[in-house]
Amino acid sequence: MEKMKNRWIALYVENQVGVLAKVSGLFSAKSYNLQTLTVGTTEHEDVSRMTISVKADDVTFEQIKKQLNAMVEVIKVIDLTTIPIHMKEILYATVQGLDSVGKTEAFQIAEVFDRGGSVKICDIGEDAVLFECTLTENKNNELISLLKSQFKKVRIVRGGAVAIEAISRTNR
Amino acid sequence: MALNITGRKLFVKALKEEGVDTIFAYPGGMITDIIDELYKTEGIRVILGRHEQALVHEAEGYARATGKTAVVLVTSGPGATNTITGIADAYYDSIPMVIFTGQVPLHLIGNDAFQEVDIVGMTRSITKLGVTVRNREDMGKLMKMAFQVASTGKPGPVLIDIPKDIQVTVGSPDYPKQVDIRGYHPNETVHIGQLKKAYRLLKNAKNPLILAGGGVRISGAQAELLEFATKMNIPVTTTVMGKGVMPEDSPLYIGNCGMHGRYAANKAVTECDVLFSIGTRFNDRITGDLEKFAPKAQIVHVDIASASISRNVVVDVPVTADAKIALERLVEYAEPMKTEKWLSTIAQWESEHPLSMPKSKIGVCPQAICEGINKVFSDANIVTDVGQHQMWASQFIKLKKGQEFITSGGLGTMGFGFPAALGAAVGNPERPVVLVTGDGGFQMNMQEMATAMTEKIPVVICLFNNSNLGMVRQMQQLFYGKRYEITDLAAKDGSYYPDFQKWAEGYGCKALRVTDAADVVTALETARSYKNGPVLLEFIVSPDDLVLPMVKGGTPLSDMILK
Ligand SMILES: Cc1ncc(C[n+]2csc(CCOP(=O)(O)OP(=O)(O)O)c2C)c(N)n1
């Protein structure tokens, strides 16, 4: 069996009641390994776009695409694994129980990860700071493991990846 | 501009424009307006079943006998939930059907109102499409979509949920001729390159075999299949759902393959070097152990649903196409092949282990009943329930051109048979309908006798009474040391309920009990002469009779239990 890999799909779907349930229901009914799913509207009010990340081998991934394509409410399936894309995920991380040394360290980490405003400390308390990050899923993973290794109390809220086809370059 | 009309009027108008002549319905609070409209309508026969599950099976039988999209109408809540098993059955056997459910008024949805259920949500994974009409102006479009989606591509059930207030809201009288559905493009072409590749592979085979499934029937490609196989001299095996797509008197037809397939057919699948499969999804009942399925063969798979291809069986040449479109092309290419040796090998296998049952210890031999049916009802549509009797019917009943074999293949729903037989008889009164059923499954929907009597539906019910849940008992007999837990339907003292003769009498239904194989043909002839309603023929069958050959689930097709 081929290797399990993370893969991404973008879906254009009818913006109707129940479509999200139908798409996510497919993943549970067929035991596909859904990692993240985000959904929002597009330039057309009646069309939504989903970005889905799954962990699957080649054969299962082909099946997933076909099954999605077969749904009446799915307008278009785009395999993001094979094309240049831009992809970002929102991440909030609260680090608590900090003394002043810890706070300084948190600010340093934010600075190191920042790429032109993609990571910042957006809120601060007596013994806590809040990170706000817009990085790739992988970069967010790295940041999270660093925070967990450096600090005791870390709360994580992730939004799931959102992706769009690249105009000129690849970024993943 | 035409005058605006109520939703209930539009409902009936839509049915008329779709050419619906029959609907299967059961009333309730949330559809009283629609049924009142039906009262005022002529030209649509409304069949009142006695249970909503049965309604759906009746609709399935109707669709299978006519090829038309069947229509079901039920109320909200329990009416809707009762249809679920039927909808699942229709989904797995690709039966075109539109189910209309009543729903509580829009402003009550989500309130846990009386008889409110989220039927669209509950049936999402067993319908091609399911929607609640939330706006009267969408009603026409959604109804059109339902009929369009149900009947095209890989057909299947569509559910339209109509809140009570929508039924009386006034709006546009328009019912569109066609709806453009941007996410739905059933395959209407075939990739010629792929098809030629498939053809070349087949042409160069030494031991080619065609495996035909229910998709061939759905696309109406029976004639093309016969022509193709005959021109090329290639033997044909079928799935249970494909039974009948090849006339069984053709010398190239070698019977069903799969769990209870013929010895020669399963051998042929195992030994062939090219397997040309068309209109089947390679269900596990057909393949046995997937790793060892057709181990020597390169596999071509033609199917309308690309999602069915390379899902269960890894395929060498995939062809996404409607069976008829593909076969029409293939017939043009077809040239005779030298398959005499291969055909005689198959014939040899057949003579080594022909399909035949040993004499039963007690009662009537199931094979004799099936052969009686072949004799007396060689023009009938055959409907079955689920169990041993179903497999015997699939083995021993021989279909001629035009005869349908209507059975629950994908879901294997006990209780399917009797209502489906009624639906088939309603849909196509030209052909007699013979039901082959077991005493277990028959009891799951035998309330429909009232429907049969009131509507005077002439079906011949062949009840194989072995007083057991035979198919499960067979597994206990073979694999569980004869520990017959909850498969004996009789009481401890041996008494059996109900007495089917008295039961039938209660309905005023003509009934006969047959205990001797010598009386089979006479009984069937008597039943045939009676045309004014159902006839019950109760055949007493031994609980020890087995369906053989049998491939145990999960083992290779070549490992057949033969005795
Ligand atoms: C609704 C449903 N429940 C349970 C089963 C499992 N099952 C399959 S065959 C069978 C026995 C059927 O017995 P009967 O109708 O008497 O037919 P026979 O096998 O004896 O011919 C059972 C219980 C099923 N297929 N469907």
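These numbers come from a predicted model, not from an experiment. Within every chain, numbering begins at 1; the chains are lettered A, B, ... in the order of the sequence lines, protein sequences first and strands thereafter.
Contacts with chain A (heavy atom to heavy atom, under 4.5 Å) involve these residues of residues 176-184 of chain B, listed by number: B/I181, B/R182, B/G183, B/Y184.
The number of heavy atoms from other shown groups lying within 6.0 Å of NZ (A/K66) is above 12. Around the CD atom of A/Q150, the shell of radius 6.0 Å holds more than 12 heavy atoms that belong to other residues, nucleotides or ligands. Annotation for B/R285: atom CZ does not count as buried by contact number, only 12 or fewer foreign heavy atoms lying within 6.0 Å. Within 6.0 Å of atom CG in B/D112, 12 or fewer heavy atoms from other residues, nucleotides or ligands are found, so the atom counts as exposed in its surroundings. Open room surrounds NZ on B/K197; 12 or fewer heavy atoms of other groups in view lie less than 6.0 Å from it.
Ranked by heavy-atom pairs under 4.5 Å with chain B, the first of A/E62, A/K65, A/E14 is A/E14.
Of the possible donor and acceptor atoms, none in the side chain of A/K22 sits under 3.5 Å from a partner among the backbone N and O of B/G121.
In this structure, A/N69 CG and B/H185 NE2 are separated by 9.5 Å, a value rounded to the nearest 0.5 Å. Here OG of B/S306 is found 8.5 Å from CD of A/Q67. Values are rounded to the nearest 0.5 Å.
Contact of B/T320 with chain A is not made at all, since no heavy-atom distance falls under 4.5 Å. Heavy atoms closer than 4.5 Å to chain B are found in the side chain of A/V17, but not in its backbone. Of the two parts of A/V72, the backbone and the side chain both hold a non-hydrogen atom closer than 4.5 Å to a non-hydrogen atom of chain B.
Across all their heavy atoms, B/R124 and A/A21 have their closest contact at NH1-CB, 3.0 Å.
Two residues are said to be in side-chain contact when any heavy atoms from C-beta on lie closer than 4.5 Å; A/E73 and B/L129 meet this criterion.
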